[in-house]
Colleague: 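Sharing a structure below in structure tokens format, with a few things to ask.
Below, read A as the first sequence line, B as the second, and so on, with proteins coming before strands; counting in each chain starts at 1. All of these numbers come straight from a predicted model, not from anything done at the bench.
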Amino acid sequence: MSGGAPERWAVEVRGLVKAFDHRPVLRGVDLRVRAGETLAVLGANGSGKTTLLRLIATLSSPTRGSVTWFGEPSAPLPEIRRRIGLVPHESLLYDALTVEENLKFFGGLYDLAPERVESALDEYGLRPLALRRVRVLSRGQRQQVNLARALLHDPELLILDEPYTGLDVGAADRLTATLRASAARGCTVILTTHDPDGAGALGADVTVMLDGRLTEIMPAAGLDAAILAAWFREGRR
Amino acid sequence: MRVLLFLGIALMLVGVAWALLAAPTELFQGAPQRIMYVHVPSVVTAYVALLVVFAGSVLFLWRRDPRWDRLARSAAELGVLFISMTLLSGAIWGKAVWGAWWTWDARLTTTLILWFIYIGYLMVRAWAPGARGARAAAIIGIVGVLDIPIIHWSAILLRTLHPQPTVFRVDGPALPPTMLVPLVINMVAFLVVLTALLVLRVRQERTLDALAEALEGGA
Amino acid sequence: MRVVRLLVGKDLRLEWRGREIVSAMGLLALLLAIVLGATRSGPEAAPAAMWVTYAFGATLGFTRTFTLERDHLTALLLAPLDRGLIFAAKALTNWLGLVVVQVISLPLFGALFTETIWTRLPALAIPMLLGGVGLAAVGTLFGGLIVQARLREALLPILMLPVVLPLVIAAVGATTGILDGLPLWAIGAQLQLLLVFDIIFVTASFLLFEYVVEE
Amino acid sequence: MGYVAAAYIVVAALFAGYAMTLVARQRLIADLSDAAGTRQGRS
């Protein structure tokens, strides 16, 4: 864990334990992510990555331990939520509504001006899809709308759960470009994936979820064989 | 805790014997009035159990400590048991005194509706296991008790729709001491048995949870 | 309240596109009215038939509102708003659904049971509205509670009906009084109970809803 | 007179019924603890 000056951490997780009906999924996670940093959490399916993300996204409360956002331990949750964007594995869009209606609705939730929705439509190249129902969109297009939804209110912390799965090369590159742009604007990005190359492309630091705990944070290139082997063993168990 | 249970049972035997043998026969109703010595204590015990469910549920939602959840769960079971006792003994008493198994008397209706609500509570426990089910049950436990005054009020309204005989007033004429003593003994006996059963059930639940953890957790 | 309007607007647009819930509730209401009408269709049977139809219509409609919302609940929980507002919006949507059911089943009750429904309509609207609000509040709270439970469709009526029984008793009493031509003050007690029931359950549900949704 | 007896018998029956559920749960605990016992190597 790089000590560094006690500057404000975007996210600080201390001794985090989460159990569902006596079944411990997270067994004491410690994590500190500096503001503006991009972190990829690698791990096999069912290793608790999604649980960790939901906790960081204020969607569930820890059984033990704590999560502190933006260095403000006592800030009220609604305030924190205003500064967080989430792209979960499942799409949060309403299939029966059109792309524009979806974005207008979510914009309304964050009390944004209508112009913001218009600019988002152009920014993410969704103008041609604006009037089409989300139900008819491809996975890549749906991901793009989900991304626009999550970035609509310019969050300081963006959380993505397996964003790269099921994307074709074009869509993956577009996603990488968008994430890079957000990081450039100082937005902290935390994403999970079970494909180490994706993290490499982003130039993100990496940590691996093993047995309900996180390993040291290291640059993507620094992934040594031992950890990868341990991680694959856990994946197959 | 064993002692508590045996004490309760012993007290109950004494109370029942006293009620059936020694207590005087009431003038108007005759023998059936002896059912009171069982009916009234079971009503009181049932409502005590429901209050325990209410307290356990509120504390569980507030503190999120499984101990309160176990207490509420056990108390709800006992609540349903004693409400069933109340309804059956009440019906038999009603049949004996004026030939009707059921009357839409405000208190009887309230107890019947509460019986359904807490059967629902137990069903939620069974069909929605786990933390979410526990929270759902806690809310029902709270709503159930909050609802008592309203149910009672609506039952009174209901009675205006169904004319029916004046109901036996237990607390009406002051009970002579010869009747009051066995009633109090039985009351205490029921409450002691309630406490003993509650402690036993909570212990069982704690062991069951611990075993569940040991089996599933495997840690 | 802007947010509540926004949430309800979304629900209504979704409902208008899908029309699943309202058509299911509406169909059930018409069916119930006919079944009850066929069995005992004198004027005095109207109040009971009406309120049995509304109560069951509510139980069916409200289980569906949350199953539709389940995966989108995450988005609402993420938004910087008080969870109680989500309940308020959902309860309002459910109440509007119930109003639709009450309105479309009214002609059937008029035809099958008693003509006086039409002459006494303005007064009749009061217990219908008060009762509807109570059903929506309890239905939304319990509907939210058992989203993850097994046998959800069976569990909601079992949980909801005993709790709303006092409301149904008071509503039937009030409706009977109105159809018999009594002035409003004659059924003051029933209307008072409906009002108190609504107040208690709307506030209790608003406060308890936080526990319904959090993990 | 039969009614009084009926009432007391019903109460006794309910207590007995509940006692049986307690015993059944006790047996469940016994089985579970065996299972848990063997899993952790205790014979």
Side-chain angles (χ1 to χ4, degrees), chain A residues 18-21 25 50-51 53-63 75-98 100-112 114 133-135 145-146 149-150 152-153 155 157-159 161, chain C residues 1-24 64-90 92-93 97 144 146-150 206-215:
Chain A
K18 179 70 178 180
F20 292 104
D21 310 330
V25 174
T50 307
T51 311
L53 284 195
R54 287 183 73 87
L55 279 156
I56 295 179
T58 74
L59 286 175
S60 65
S61 43
T63 312
L77 277 182
E79 276 326 305
I80 291 177
R81 289 195 184 113
R82 188 176 292 280
R83 301 153 76 177
I84 292 181
L86 173 68
V87 179
H89 198 48
E90 75 280 355
S91 133
L92 295 186
L93 305 168
Y94 292 96
D95 292 352
L97 299 183
T98 68
E100 190 178 26
E101 284 166 343
N102 267 290
L103 290 183
K104 275 212 180 84
F105 171 67
F106 288 106
L109 280 183
Y110 290 87
D111 202 5
L112 302 176
R133 301 249 171 106
V134 167
R135 185 181 304 123
V145 179
N146 244 321
R149 175 193 55 72
L152 214 51
H153 54 295
L157 168 62
L158 179 63
I159 302 168
D161 192 359
Chain C
M1 283 317 111
R2 181 192 61 76
V3 174
V4 173
R5 231 189 10 259
L6 176 79
L7 289 168
V8 172
K10 178 262 294 180
D11 281 341
L12 294 184
R13 185 175 295 142
L14 267 177
E15 191 40 43
W16 181 251
R17 295 254 163 93
R19 275 196 293 280
E20 282 169 5
I21 302 176
V22 178
S23 48
R64 293 195 50 73
T65 50
F66 272 99
T67 43
L68 292 181
E69 192 67 64
R70 198 167 26 189
D71 40 23
H72 305 117
L73 202 56
T74 316
L76 301 183
L77 297 178
L78 254 174
L81 48 89
D82 176 351
R83 305 296 172 73
L85 289 179
I86 301 177
F87 162 75
K90 196 50 74 178
L92 199 54
T93 312
I146 53 173
V147 164
Q148 258 82 16
R150 294 199 316 274
F206 193 87
L207 298 174
L208 290 172
F209 200 72
E210 175 73 32
Y211 300 105
V212 169
V213 284
E214 45 104 289
E215 272 164 35

Colleague: To the nearest 0.5 Å, what is the distance between CZ on Arg81(A) and CG on Leu77(C)?
Modeller: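 Separation between the atoms: 7.0 Å.
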
Colleague: Closest heavy-atom contact between Tyr110(A) and Ala79(C)?
Modeller: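 Nearest pair, atom of Tyr110(A) first, then Ala79(C): OH-CA, 3.9 Å.
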
Colleague: Using the side-chain contact (heavy atoms from CB on, under 4.5 Å) rule, take Asp11(C) and Tyr94(A) through it: C-alpha gap first, then chi angles, then the decisive distance, then the call.
Modeller: CA-CA 10 Å; Asp11(C) 281 341; Tyr94(A) 292 96; 6.0 Å; no

Colleague: Heavy atoms only, distances under 4.5 angstrom: which of Asp111(A), Leu77(A), Thr58(A), Leu86(A) has the most pairs with chain C? Name it, please.
Modeller: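 Heavy-atom pair counts peak at Asp111(A).
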
Colleague: Provide the closest heavy-atom pair for Leu6(C) versus Leu109(A) in the form atom of the first, atom of the second, distance.
Modeller: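 For Leu6(C) versus Leu109(A), the nearest heavy atoms are CD2-N, 3.4 Å.
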
Colleague: Provide the closest heavy-atom pair for Arg2(C) versus Gly108(A) in the form atom of the first, atom of the second, distance.
Modeller: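 In this case the closest contact between Arg2(C) and Gly108(A) is NH1-O, 3.1 Å.
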
Colleague: Tell me, side chain or backbone of Leu93(A) under 4.5 Å from chain C's heavy atoms, or both, or neither?
Modeller: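 Only the backbone of Leu93(A) comes within 4.5 Å of chain C.
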
Colleague: I need the Leu78(C) CG to Ile84(A) CD1 distance, nearest 0.5 Å.
Modeller: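 Separation between the atoms: 7.5 Å.
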
Colleague: Any chance you could measure Arg17(C), atom CZ, to Glu101(A), atom CD, to the nearest 0.5 Å?
Modeller: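 So the gap between those two atoms works out to 4.0 Å.
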
Colleague: Taking only residues two or more places apart in sequence, or in another chain, which ones meet Leu92(C) in a side chain to side chain contact (heavy atoms under 4.5 Å, CB included)?
Modeller: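 With sequence neighbours excluded, Leu92(C) shows a side chain to side chain contact (heavy atoms under 4.5 Å, CB included) to Val4(C), Val8(C), Trp95(C), given in chain and number order.
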
Colleague: I'd like to check the salt bridge (Lys or Arg N to Asp or Glu O under 4.0 Å) partners of Arg54(A); sequence neighbours left out, ordered by chain and number.
Modeller: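 Checked Arg54(A) against salt bridge (Lys or Arg N to Asp or Glu O under 4.0 Å); matches are Glu215(C).
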
Colleague: Please classify the contact of Arg149(A) with chain C as side chain, backbone, both or neither, using a heavy-atom distance under 4.5 Å.
Modeller: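 It is neither, since no heavy atom gets under 4.5 Å.
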
Colleague: Counting N and O atoms only, with roles assigned by atom type, does the side chain of Arg13(C) sit under 3.5 Å from a partner on the main chain of Ala96(A), one being a donor and the other an acceptor?
Modeller: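 Not a single qualifying donor-acceptor pair exists.
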
Colleague: Minimum heavy-atom separation for Pro80(C) and Pro78(A), please, with both atom names.
Modeller: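 For Pro80(C) and Pro78(A), the tightest heavy-atom pair comes out as CB-O, 3.2 Å.
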
